[in-house]
Amino acid sequence: MRQTFGETRSAFAKKHAVISRDSHERVTLPLWPGCALVHLITPALGAEFTFFLVRTQEETRIGAARADVERFVLHRAGGVAIDLDGAGPEALPHEGYAFLPAGCQHALKLGAGSEVLVLERCYRPMEGTPPPAPVVSSIPQAAAQPMKGDDRLMLQKLLPDGAGFDMEINVMDFAPGASLPYVETHFMEHGLMLLDGGGIYRLEDAWYPVAAGDAIWMGPYCPQWFGAIGPGNARYLIYKNWNREPLG
Ligand code: UGY
Ligand code: MN
């Protein structure tokens with residue numbers, strides 16, 4: 001999408017944010033040696049999670065997150081492998097992913113020129129429910145089902161059902177012209193990355209043209225709706241806090 005001098009499509013409001021590629025700000029952090037990080041969504045916005053891109057120039061090895069933090073990693077480019085509990089590196093294919101529960105010993109092996117999308121949040125355990133096990137799989141392997149009976153809007157659930165999981169991560173695939181069936185409002189929040197195509201996202205009382213590479217934060221009770229526009233499908237990955245009482 002064309003950017004006009006001095007303008008950006010990124011937008012920040014009380015209950016939502018759109019972060020377009022032109023405003024990516026790279027930082028380095030001591031726990032991510034050899035990496036450039038772009039923090040798309042953080043608690044500074046009002047979110048209860050972080051959502052960030054990691055790009056490498058050289059090969060590097062990243063340790064596990066803090067013991068109370070769960071991590072989801074999506075392969076975007078280059079050579080990426082996960083070493084779970086020292087069992088040896090398992091390469092992730094394109095759009096491969098790993099869910100690494102809080103306290104799970106692991107290392108990420110990132111080759112030069114690789115890119116991953118990472119989501120981290122503090123795990124909310126539930127009394128009497130064992131914590132979830134790690135998941136390593138890929139988007140193409142996840143079963144697709146029509147959302148609410150609409151086969152022009154396909155849904156893939158990347159994490160298994162089970163009360164141990166306090167999040168859902170799904171992929172939603174819209175045929176051109178397909179849309180969410182109604183304007184959603186819910187107490188859960190979202191982190192979203194548009195993987196392919198584009199369309200119009202309604203967030204609160206604003207309507208945004210969005211395209212692949214855009215990230216969106218939707219806070220609790222952010223009215224939200226999406227319609228896909230363009231020659232091909234629009235597809236996004238979407239995080240949601242899940243399976244936990246709103247009272248906390
Ligand atoms: O799962 C969801 O809440 C999803 N349908 N929301 C969205 O796509 N904005
Ligand atoms: Mn929603």
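Below, all heavy atoms of this structure are taken into account, side chains as well, without hydrogens, waters or symmetry copies. Residue indices begin at 1 and follow the sequence shown.
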### Message
Do Ile216 and Val210 make a side-chain contact, defined as non-hydrogen atoms from C-beta onward lying under 4.5 Å apart?
### Response
yes
#### Entry: Tyr208 versus Arg202, side-chain donor and acceptor atoms under 3.5 Å
no
### Message
Which residues pass the side chain to side chain donor-acceptor pair (under 3.5 Å) test with His106, not counting sequence neighbours?
### Response
Arg71
### Message
With clusters defined by side-chain heavy atoms of hydrophobic residues (ILVMFWY) lying less than 4.5 Å apart, directly or transitively, does Leu194 cluster with Val18?
### Response
yes
### Message
I'd like to know if Leu192 and Leu119 are part of one continuous hydrophobic network [Ile/Leu/Val/Met/Phe/Trp/Tyr, side-chain heavy atoms within less than 4.5 Å].
### Response
no
### Side chains of Met147 and Met154 in contact at under 4.5 Å (non-hydrogen atoms)
no
#### Entry: Pairwise distance CG(Leu153) to CG(Asp173) - rounded to 0.5 angstrom
8.0 Å
### Message
Around atom CZ of Arg244, are there more than 12 heavy atoms from other residues, nucleotides or ligands closer than 6.0 Å?
### Response
yes
Solution key, residues 165-172 side-chain donor-acceptor pairs under 3.5 Å, sequence neighbours excluded:
residue, atom, partner, partner atom, Å
Asp166, OD2, Arg124, N, 2.8
Glu168, OE1, Asn170, ND2, 3.1
Glu168, OE2, Lys157, NZ, 2.7

### Query
Does Glu95 have any salt bridge (charged side-chain N to carboxylate O under 4.0 Å, His left out) partners at least two apart in sequence or in another chain, and if so, which?
Arg235
### Query
Taking the side chain as C-beta and beyond, is there a heavy-atom pair between Pro101 and Pro131 under 4.5 Å?
no
### Message
Would you say Ile139 ends up clustered with Leu155 if hydrophobic residues are merged whenever their side chains have heavy atoms under 4.5 Å apart, either directly or through other cluster members?
### Response
no
### Query
Pairs in or reaching into residues 121-146: which pass ring-ring contact (aromatic ring centres under 6.0 Å, His included), with residues at least two apart or in two chains?
none
### Query
Mind checking whether His16 and Tyr201 have side chains closer than 4.5 Å, heavy atoms only?
no
### Centroid-centroid under 6.0 Å between Tyr221 and Phe187 rings
no
### Message
Which residues end up grouped with Val73 if you chain together Ile, Leu, Val, Met, Phe, Trp and Tyr wherever their side-chain heavy atoms are less than 4.5 Å apart?
### Response
Val27, Leu29, Leu31, Trp32, Leu37, Phe52, Val54, Ile62, Val80, Ile82, Leu84, Leu92, Leu100, Leu108, Leu110, Val116, Val118, Val136
### Task
Please test His190 against Tyr236 for side-chain hydrogen bond (donor to acceptor under 3.5 Å, both in side chains), starting from the C-alpha separation and ending with a verdict.
CA-CA 12 Å; His190 286 308; Tyr236 56 70; over 6 Å; no
### Message
With a 4.5 Å cut-off on side-chain heavy atoms, are Asn233 and Pro176 touching?
### Response
yes
#### Entry: Members besides Ile200 in its Ile/Leu/Val/Met/Phe/Trp/Tyr cluster (side-chain heavy atoms under 4.5 Å)
Trp207, Ile229
### Query
Does Arg76 have any side chain to side chain contact (heavy atoms under 4.5 Å, CB included) partners at least two apart in sequence or in another chain, and if so, which?
Leu53, Leu74, Glu115, Leu117, Met193, Leu195
### Task
Kindly state whether the ring of Tyr239 and the ring of Phe51 have centres lying under 6.0 angstrom apart.
no
### Query
If you look only at pairs with a residue in residues 29-49, which of them pass as a salt bridge (Lys or Arg N to Asp or Glu O under 4.0 Å), with sequence neighbours excluded?
none
### Query
For His24, which residues count as a ring-ring contact (aromatic ring centres under 6.0 Å, His included) partner, sequence neighbours excluded?
none
#### Entry: Listed once per pair and sorted, the ring-ring contact (aromatic ring centres under 6.0 Å, His included) pairs that draw on residues 124-159, sequence neighbours left out
none
### Task
State, without any angle test, whether Thr50 and Thr42 hold a side-chain donor-acceptor pair at a distance under 3.5 Å.
no
### Message
Using the rule given for side-chain hydrogen bond (donor to acceptor under 3.5 Å, both in side chains), can you reason through Trp225 versus Glu184, listing the C-alpha separation, both sets of side-chain angles and the distance that settles it, and then say yes or no?
### Response
CA-CA 6 Å; Trp225 177 88; Glu184 296 180 9; over 6 Å; no
### Query
Going by the salt bridge (Lys or Arg N to Asp or Glu O under 4.0 Å) test, which pairs reach into residues 127-139, not counting sequence neighbours?
none
### Query
Would you call Lys240 and Glu189 a side-chain contact if the rule is heavy atoms closer than 4.5 Å?
no
### Message
Using modelled atom types and a 3.5 Å cut-off, is there a donor and acceptor pairing between side-chain atoms of Thr60 and backbone atoms of Pro33?
### Response
yes
### Message
Taking atom CD as the centre, does Gln145 end up with more than 12 heavy-atom neighbours from other residues, nucleotides or ligands that are less than 6.0 angstrom away?
### Response
yes
### Task
Give a yes or no on whether Met218 and Leu40 share a hydrophobic cluster (residues Ile, Leu, Val, Met, Phe, Trp, Tyr; joining criterion: side-chain heavy atoms under 4.5 Å apart).
no
### Task
Compare all side-chain heavy atoms of Trp242 with those of Met188 and state whether any distance is below 4.5 angstrom.
yes
#### Entry: Ring centres under 6.0 angstrom apart (Tyr97, Phe72)
yes
#### Entry: Pairs where residues 58-68 contributes a residue and the test salt bridge (Lys or Arg N to Asp or Glu O under 4.0 Å) is met, not counting sequence neighbours
Arg66-Asp68
### Task
Verify whether one side chain among Asp214 and Ser20 offers a donor that lies under 3.5 Å from an acceptor in the other.
no
### Query
Side-chain contact, heavy-atom cut-off 4.5 Å: Pro132 with Phe99?
yes
